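Some notes on the structure that comes next.
Note that the coordinates shown come from a computational prediction; the quantities given were computed from them, not determined experimentally.
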Amino acid sequence: MSDVLLGDKDQWLRHYTSNHIGQAEVDTLVTSLQASGEIIQDDKGCLHWNAFPVTPSQLHNQRKAGDKPGPNEKNGNDRGLADQSDIASPGEDNITSTTRENRATAAKTGGSTERQIFRPLGRIIDVIAGTPLPGLSPSCKYKMEPYDTDSEVAGSQHRIDGCLQLLESTSPPSTSPSRMSTSDVAVNFEFKLTDTVDNVCDNRWKVLYSAYHNLHSDCRRKHTYSVTIEDNKMAMWYFSRSHSAKSEAFDLLDVRAVVWALSSLVFSTVEELGYDADIRRIAEVDAENKKHLRYIYRMDDAFYKTSKCVDEYDDLIITGRATRVWEVVRVHSFDDPQPIPGAERKVLRDVWLDYGTDTESTIQQKIFRRCEDLANNFPADNDPRLSGVNEETRDELRRRLTQGTFKDLFLTIEADYRGSSSKPTAEGFIAVPDIFEAPEYWNKNATRQGADLHRASASRSNLVDHAPSVQQAADHRDYRPKQRNFVVYKEVCNALHELDDLHTVLLALYDCLLAVQILFLISWIHRDISSGNLLFHEGHGKLGDLEYAKEFNLAVGKRSSDPKTGTQIFMAVEVQSGYPIHIARKRFTPNKGLEEIVKKVKTSRSGRGVRHNFQHDLESFFWIATWLVVTRIEGHHYADVATQLFRSKADHFQLNRRQFLIDEDVFLAKLQGLRSDLPEDLCVGLYMMRATLYDAYLDRESRYDDMSTYSPLYDVFRQALKHIASVASPGKIHLVRPPPPRTTPKSGYDGHHKTARLEAKLKDREGVILSPHKVTSLKRMRDSSNVNSTMPDEEGRPEKRRPTNDLRASEIHGTE
């Protein structure tokens with residue numbers, strides 16, 4: 001289902017904007033617009049736009065043909081208009097008839113292009129912004145040119161038809177006078193002269209791209225707005241980290257509705273337009289006179305300034321956690337960005353969590369309390385959690401817990417802050433599936449007998465979007481608001497994929513395995529083991545990113561309603577497919593045939609047939625180790641294997657991974673490409689992990705609460721890591737760093753029909769845009785690359801977590 005909700009225009013304006021504008025303010029603005037000549041009144045007292053006497057499509061046709069509507073010619077709503085030169089507006093007693101004639105002529109003449117016809121919207125917004133309203137001040141102005149935006153995101157820009165631009169810029173001066181800074185674009189506008197299906201969908205793709213571009217390029221953004229107009233159908237859009245909402249279309253010729261909609265945005269404060277007051281952008285100049293963009297985060301009375309981006313979410317995501325990780329230093333304040341004396345480097349994590357859920361700091365405190373309780377009551381030797389665990393490991397676990405050094409296996413959290421929240425969903429709004437592929441008001445059957453279906457689809461009677469069908473509306477999802485969370489860590493670590501020596505990686509894996517085993521002892525699972533969450537700091541490994549960690553409730557049934565979490569290429573096969581391994585390998589026997597069939601059908605119909613359990617965390621270690629051997633050691637002949645196993649959009653990706661895990665012959669065949677000078681013991685260690693995992697899945701079946709089926713696995717994995725380490729002495733096996741993504745000069749919409757490049761990006765998730773704060777060495781490498789190329793395969797850079805393996809246009813709203 002799409003994450004775009006559709007609802008009433010009035011409710012959208014009251015709920016998703018600042019709601020500062022009421023009827024009194026609209027009356028004041030209408031009077032001001034009449035005085036300026038932008039609104040005229042006919043002899044029946046009806047209000048009309050001077051610049052839009054008829055719909056934009058009709059205006060285009062008239063100008064293109066050189067025709068001018070006569071004084072009694074009807075517009076598209078069968079509403080008679082008197083000659084506009086004869087219409088007097090309040091406050092215009094001193095304006096001559098010649099001036100009125102000139103204005104009427106200007107409304108009927110001029111260019112016929114899309115930009116020329118919609119240009120008067122700028123004048124209308126200027127008058128609105130310039131009208132004094134008690135207690136309100138405009139925060140933005142309308143801008144139509146330049147229509148190329150310039151982003152600090154490397155290699156990134158996109159085109160817009162118009163925008164509301166902040167009056168006070170916080171961006172460095174644009175590198176090109178023909179562009180404005182994306183960070184200053186508060187509201188995007190997209191226009192079309194006609195409302196054909198292609199045009200409507202094209203506009204929607206554009207605002208979708210603009211939304212995630214705005215949210216991605218500027219860390220201050222909490223949400224963003226867009227306005228689409230196709231002919232005389234106008235709609236308002238809201239995009240946030242929890243959901244997106246679109247108003248039902250309303251008539252551009254409805255003067256009061258348009259004034260209300262535009263003024264609601266113009267008179268919003270900067271924060272109400274989606275800019276976070278807890279974050280400030282600054283530009284600093286280094287010793288070489290080069291400008292660098294920095295962010296300052298406020299956490300209560302503490303301020304942290306970014307120096308570089310350590311990690312960032314996939315920019316194709318709008319809704320979700322949108323995690324960013326920064327290297328920071330503590331500074332005095334927003335206005336004094338100098339480091340405080342003795343300030344050390346820290347790491348700051350910026351993430352959006354479901355409102356009211358535990359932060360990582362809270363989760364870590366719960367885990368530590370359970371560990372301290374366990375230290376006071378360490379399990380007996382016959383405890384199922386220690387079944388098959390050797391004496392050396394038991395002593396190490398007991399020592400870590402009793403001495404409190406288990407905390408050394410995790411990150412040290414120094415500060416935790418809950419920030420701003422997204423808006424809840426508006427009452428009465430309903431999710432609209434496939435809104436970016438098929439306009440919801442399009443091709444509705446005419447309701448009157450004898451109506452022409454071809455005319456009905458474009459008539460004014462079909463102007464307003466219709467609600468989804470009952471079947472669509474019944475497909476409910478809980479759109480929980482999200483709240484921003486800032487976490488500061490003491491240690492500045494390296495992720496595994498940043499290390500260049502296999503021995504060092506194995507040291508980190510060994511310590512992280514111990515951390516995961518301690519979680520097992522207290523019945524907790526991590527649920528997101530990846531190369532980015534296994535960290536190395538000063539000779540030791542640390543387990544990071546506890547946001548998805550949760551207690552494994554032994555009383556719960558075998559299935560879980562939790563969404564899949566983890567990084568696709570490191571995710572356990574069962575979790576990824578939702579299908580248990582032991583069922584697939586059972587023999588079909590005639591005497592139990594019906595029972596087997598019923599069981600499989602029930603499993604299929606009930607959704608996921610597995611629970612994310614302790615072994616799934618261990619399986620991620622196996623995939624990380626395999627990924628290191630297959631993709632990070634130079635000279636192998638593993639190109640095909642790397643694509644099959646570690647590129648999530650490859651054909652039969654899930655099947656390839658499943659066969660690699662469960663089929664010994666497939667496993668051995670795929671590892672034949674090992675470099676000849678490297679010891680085969682590398683593959684022996686992987687084999688030990690694979691065989692242990694597979695046998696455990698078959699032996700356990702669905703006895704997920706049997707702790708004794710998990711406990712022996714940790715020692716086997718520890719032995720496998722030791723075995724690999726025995727042939728990978730320090731400095732012996734070098735690991736290559738992943739290449740940086742290559743981007744094109746224009747990463748977004750390329751100017752005609754549907755956003756071809758956006759669709760290409762959606763089909764190839766690896767074509768992502770770098771953050772503006774990646775290291776300069778990546779920029780140098782990127783500048784020398786082919787500008788028309790796409791990002792390298794996932795064997796180079798591990799993919800971010802995804803909720804599913806199916807990517808659709810509306811999946812931009814999925815969890816990252």
Side-chain angles (χ1 to χ4, degrees), residues 152 168-173 183 218-221 270-271 275-312 323-351 359-362 364-365 368 404-405 407-420 484-495 498-499 532 535-546 771-779:
E152 291 83 8
E168 297 184 7
S169 174
T170 59
S171 304
S183 61
D218 187 352
C219 300
R220 297 173 301 166
R221 299 292 187 112
V270 172
E271 185 173 6
Y275 293 83
D276 199 325
D278 288 326
I279 306 175
R280 182 174 295 185
R281 285 163 53 103
I282 63 171
E284 290 189 327
V285 180
D286 61 17
E288 299 178 356
N289 203 33
K290 294 181 179 179
K291 289 185 177 180
H292 299 276
L293 180 65
R294 311 292 188 205
Y295 290 93
I296 299 178
Y297 283 76
R298 176 174 58 194
M299 300 174 62
D300 293 322
D301 58 350
F303 298 82
Y304 295 88
K305 181 177 68 176
T306 64
S307 57
K308 70 175 182 179
C309 184
V310 177
D311 193 20
E312 190 166 35
T323 305
R324 291 181 172 97
V325 182
W326 304 91
E327 189 173 303
V328 298
V329 64
R330 188 168 177 178
V331 297
H332 292 284
S333 67
F334 279 147
D335 299 321
D336 184 2
Q338 296 304 311
I340 62 176
E344 298 179 348
R345 292 186 307 149
K346 310 286 183 184
V347 169
L348 185 147
R349 186 182 187 88
D350 175 2
V351 61
T359 65
E360 184 176 8
S361 177
T362 303
Q364 188 185 78
Q365 291 170 15
F368 284 1
T405 55
K407 295 181 181 179
D408 296 339
L409 300 173
F410 300 88
L411 292 172
T412 305
I413 297 177
E414 290 199 344
D416 182 42
Y417 176 76
R418 290 182 184 265
S420 56
R484 206 161 197 172
N485 177 227
F486 305 150
V487 185
V488 175
Y489 307 98
K490 177 181 178 180
E491 300 89 356
V492 180
C493 304
N494 292 109
E498 297 175 330
L499 302 176
L535 310 170
F536 188 75
H537 179 256
E538 296 181 351
H540 300 282
K542 287 182 177 288
L543 181 62
D545 193 0
L546 299 175
S771 158
H773 318 286
K774 298 296 184 183
V775 293
T776 55
S777 60
L778 300 187
K779 184 178 185 300

R280 vs Y295, side-chain hydrogen bond (donor to acceptor under 3.5 Å, both in side chains): CA-CA, chis, key distance, verdict
CA-CA 6 Å; R280 182 174 295 185; Y295 290 93; over 6 Å; no
Spell out, as yes or no, whether a donor-acceptor pair under 3.5 Å connects the side chain of E414 to the backbone of K490.
no
For the pair H292 and D286, evaluate side-chain hydrogen bond (donor to acceptor under 3.5 Å, both in side chains) and give the outcome as yes or no after the intermediate values.
CA-CA 8 Å; H292 299 276; D286 61 17; 2.8 Å; yes
State, yes or no, whether a side-chain contact exists between F368 and K407 at a heavy-atom distance under 4.5 Å.
yes
Could you check if a side-chain atom of I296 sits within less than 4.5 angstrom of a side-chain atom of P337, using non-hydrogen atoms only?
yes
For C493 and H537 the tightest heavy-atom approach is SG-CB, 3.6 Å
Quick test of your reading of the model: are R324 and D311 salt-bridged, counting only N-O distances below 4.0 Å?
no
Among V492, L411, V347, whose side-chain contact (heavy atoms from CB on, under 4.5 Å) with L535 holds?
L411
So CG of N485 and CZ of R418: to nearest 0.5 Å the spacing works out to 6.5 Å
Please check if atom NE2 in H540 has more than 12 non-hydrogen atoms from other residues, nucleotides or ligands closer than 6.0 Å.
no
For residues T412 and E491, determine if any side-chain heavy atom of one lies less than 4.5 Å from a side-chain heavy atom of the other.
yes
Derivation and outcome, salt bridge (charged side-chain N to carboxylate O under 4.0 Å, His left out), residues E284 and K291:
CA-CA 5 Å; E284 290 189 327; K291 289 185 177 180; over 6 Å; no
Once you round to the nearest 0.5 Å, how far does CD of E538 lie from CG of D408?
11.0 Å
Report the C-alpha distance between D350 and R484 in whole Å, list the side-chain angles of each, state the deciding distance to 0.1 Å, and finish with yes or no for salt bridge (charged side-chain N to carboxylate O under 4.0 Å, His left out).
CA-CA 7 Å; D350 175 2; R484 206 161 197 172; 2.8 Å; yes
From S420 OG over to I279 CD1, what is the distance, rounded to the nearest 0.5 angstrom?
7.5 Å
Output yes when a side-chain donor or acceptor of D300 lies under 3.5 Å from a complementary backbone atom of A302, and no otherwise.
no
Verdict with reasoning, L409 to L543, per side-chain contact (heavy atoms from CB on, under 4.5 Å)
CA-CA 6 Å; L409 300 173; L543 181 62; 5.9 Å; no
Can you tell if the side chain of Q364 reaches within under 4.5 Å of the side chain of I413, non-hydrogen atoms only?
yes
Between R298 (side chain) and A277 (backbone), is there a donor-acceptor pair under 3.5 Å?
yes
Smallest heavy-atom separation, A495 atom then G532 atom, equals CB-CA, 3.9 Å
Can you tell me which residue among R294, K305, R345 is in a salt bridge (charged side-chain N to carboxylate O under 4.0 Å, His left out) with E327?
R345
Under 3.5 Å: donor-acceptor pair, side chain of K542, backbone of F410:
yes
Does the side chain of D545 come within less than 4.5 Å of R349's, by heavy atoms?
yes
Short side-chain donor-acceptor distance under 3.5 Å, T359 and D416
yes
Spacing of R221 atom CZ and Y275 atom OH [to the nearest 0.5 Å]
3.0 Å
So V331 and D336, do their side chains get closer than 4.5 Å, heavy atoms only?
no
Side chains of R281 and S183: does their closest heavy-atom pair fall under 4.5 Å?
yes
Identify the residue among Y304, F334, F486, Y417 that makes a ring pair (Phe, Tyr, Trp, His ring centres under 6.0 Å) with Y297.
F486
